[in-house]
Every structure is written in structure tokens, then in C-alpha cells.
Novice: 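Sending over a structure as C-alpha cells; questions will come in a sec.
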Amino acid sequence: MAALALFSYFVVSHFLFQSVRVVGRSMVPTLRDSQQYLLNRWVYYVRAPQRLDVVVIRDPVDNGFSVKRIIGIAGDSIYLKEGGVFVNGRKLNQPYLAANTPTYPYENPREQFIIFGKDQFFLAGDHRMNSADSRTYGPVSRRRILGLIVR
């Protein structure tokens with residue numbers, strides 16, 4: 001019986017749902033530091049990650065866990081210019097950000113242009129001035145996206 005319980009726990013926590021705690025301020029104001037959320041690990045077996053999903057990833061820099069928002073998906077072009085985010089030539093409406101929050105590239109203070117290939121995503125934290133994200137480490141591969149945050 002204990003083996004069945006252990007097996008069930010393993011399946012649920014690794015393939016279905018998992019409790020996660022946000023550490024840090026990169027997703028403020030959407031998610032707060034130290035708050036608990038549910039990570040839906042199975043949803044991306046059913047559908048592809050979508051623009052504006054808030055996800056947990058394996059960070060490409062330190063291989064730790066990070067929470068970010070998907071801004072660009074496979075095939076998109078992202079252009080950061082004068083504090084604005086343009087997806088496929090259109091300015092992205094970002095009602096989840098604090099009013100007048102600019103999005104600047106890290107390397108070039110003026111602009112950044114990226115086209116995403118198959119299974120590549122552009123991720124950003126909602127607290128743009130306090131987030132290491134695709135502006136720093138570039139596109140994130142699909143295999144690094146672990147699941148969708150459920151609020």
C-alpha cells in the first residue's frame with residue numbers, strides 16, 4: 001500500500017500538478033515573493049505554450065527554476081524599441097504590468113530584434129527592471145518550459 005501511495009505521489013507531482021513557491025520579485029505585480037501557486041505540469045501535453053502564459057522554466061543560465069511570462073512564441077518576431085514591445089510588428093498590450101512600465105533590452109539601450117524558430121519562446125518577468133529573462137539569455141527552448149502557473 002505504501003508503494004502505491006509513493007508511486008501516486010510521484011506521478012501527480014512530476015506529471016500533473018505541483019505546489020511551487022515564488023522566490024524573488026521578477027514577476028511583481030502579478031505574482032508576489034514567497035507566495036504559493038499550483039504548477040500545472042500536464043497542460044503542455046495537451047496544448048502548446050501560448051503567448052501571455054505564466055510558466056515555470058529551467059533557467060538557461062543557472063539551471064534553477066524561474067517564473068516568467070511568455071511574450072513571444074515560435075515563428076514570432078519581437079522588437080524592443082523605446083520601451084515598447086512589438087510582436088510581429090504590433091505593439092503588445094500588457095495590462096498585467098504596472099502603468100508606464102518600459103521594456104528595454106539589456107545589451108543595447110535602444111533596441112533589440114529577435115525572430116524565433118521552432119520550439120523557441122521569448123520570456124520576460126513582469127517586473128521588467130528586476131528580471132533576468134530572454135532579453136539577457138535569448139530564446140528559451142520548449143523543453144525548458146515545465147508547466148503553467150495556476151492562480
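Values below: all heavy atoms of this structure, side chains included; hydrogens, waters and symmetry mates excluded.
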Novice: More than 12 non-hydrogen atoms from neighbouring residues, nucleotides or ligands closer than 6.0 Å to CD on Q36, yes or no?
Specialist: yes
Novice: For a 4.5 angstrom cut-off between non-hydrogen side-chain atoms, does V56 reach I149?
Specialist: yes
Novice: Do F86 and F116 land in one hydrophobic cluster if side-chain heavy atoms of ILVMFWY residues count as linked below 4.5 Å?
Specialist: no
Novice: Provide the closest heavy-atom pair for A98 versus P29 in the form atom of the first, atom of the second, distance.
Specialist: N-CG, 4.1 Å
Novice: Would you kindly check if the NZ (Lys) or CZ (Arg) of R58 is within the cone defined by 45 degrees around the ring axis of F65 and under 6.0 Å from the six-membered ring centre?
Specialist: yes
Novice: Restricting to non-hydrogen atoms, name the atom on G83 and the atom on Y104 that form the minimum distance, rounded to 0.1 Å.
Specialist: N-CE2, 3.4 Å
Novice: Which pair of non-hydrogen atoms, one from Y37 and one from T30, has the smallest distance, and what is that distance?
Specialist: OH-O, 4.2 Å
Novice: Evaluate the side-chain contact (heavy atoms from CB on, under 4.5 Å) criterion for residues V54 and V67: first the C-alpha distance (whole Å), next the side-chain angles of each, then the deciding distance (0.1 Å), finally the verdict.
Specialist: CA-CA 7 Å; V54 175; V67 179; 3.7 Å; yes
Novice: Could you please spell out the steps behind the side-chain contact (heavy atoms from CB on, under 4.5 Å) verdict for R144 and N63?
Specialist: CA-CA 9 Å; R144 290 195 165 276; N63 214 32; 3.3 Å; yes
Novice: For the atom pair CZ (F121) and CD1 (I70), what is the distance rounded to the nearest 0.5 Å?
Specialist: 5.5 Å
Novice: To the closest 0.5 Å, what do you measure between OH (Y106) and OG1 (T136)?
Specialist: 5.0 Å
Novice: Is it the case that one hydrophobic cluster holds both V87 and Y96, taking links as side-chain heavy atoms less than 4.5 Å apart, direct or via other members?
Specialist: yes
Novice: More than 12 foreign heavy atoms under 6.0 Å from CZ of R143: is that the case here?
Specialist: no
Novice: With a 4.5 Å limit on heavy-atom distance, are the side chains of S141 and D119 in contact?
Specialist: no
Novice: Same hydrophobic cluster for L146 and V20, using side-chain heavy-atom links shorter than 4.5 Å among ILVMFWY?
Specialist: yes
Novice: So which of K68, R69, H127 actually passes side-chain hydrogen bond (donor to acceptor under 3.5 Å, both in side chains) with S26?
Specialist: K68
Novice: Let me confirm one number: the OG-CD1 distance from S134 to I78, rounded to the nearest 0.5 Å.
Specialist: 9.0 Å
Novice: Is there side-chain contact between Q94 and T101, with heavy atoms separated by less than 4.5 Å?
Specialist: no
Novice: Out of curiosity, D133 CG to F122 CZ, how far, rounded to the nearest 0.5 Å?
Specialist: 6.0 Å
Novice: If you round to the nearest 0.5 Å, how far is OG of S77 from CD1 of I114?
Specialist: 10.0 Å
Novice: Which heavy atom of Y44 sits nearest a heavy atom of G147, and at what distance?
Specialist: CE1-C, 3.7 Å
Novice: For side-chain contact (heavy atoms from CB on, under 4.5 Å), just list the numbers for L148 and R47, CA-CA rounded to whole Å, side-chain angles, deciding distance to a tenth of an Å, and then say yes or no.
Specialist: CA-CA 11 Å; L148 175 72; R47 70 165 175 89; 3.7 Å; yes
Novice: For K118 versus A74, what's the shortest heavy-atom pair and its separation?
Specialist: CA-CB, 4.1 Å
Novice: Quick one: do the T103 and R128 side chains pair a donor with an acceptor below 3.5 Å?
Specialist: yes
Novice: Looking just at side-chain N and O atoms, do R41 and Q18 make a donor-acceptor pair shorter than 3.5 Å?
Specialist: yes
Novice: Sub-3.5 Å donor-acceptor pair from the side chain of D53 to the main-chain atoms of V55, do we have one?
Specialist: no
Novice: Quick check on the hydrophobic clustering: are Y79 and L92 connected, directly or via other members, by side-chain heavy-atom contacts under 4.5 Å?
Specialist: no
Novice: Is there a chain of hydrophobic side chains (I, L, V, M, F, W, Y, each step under 4.5 Å between heavy atoms) that links L39 to M27?
Specialist: yes
Novice: To the nearest 0.5 Å, what is the distance between CD1 (I71) and CG (D76)?
Specialist: 10.5 Å
Novice: For a quick test of reading the model, state the closest non-hydrogen atom pair linking V85 to L80 and the distance between them.
Specialist: CG2-CD2, 3.7 Å
Novice: Is P49 close to I73 at the side-chain level, that is, under 4.5 Å between some pair of heavy atoms?
Specialist: no
Novice: I'd like to know whether F113 forms a side-chain contact (heavy atoms from CB on, under 4.5 Å) with E111, so could you lay out the CA-CA distance, the side-chain angles of the two residues, the decisive distance to 0.1 Å, and finally the verdict.
Specialist: CA-CA 7 Å; F113 182 77; E111 56 190 65; over 6 Å; no
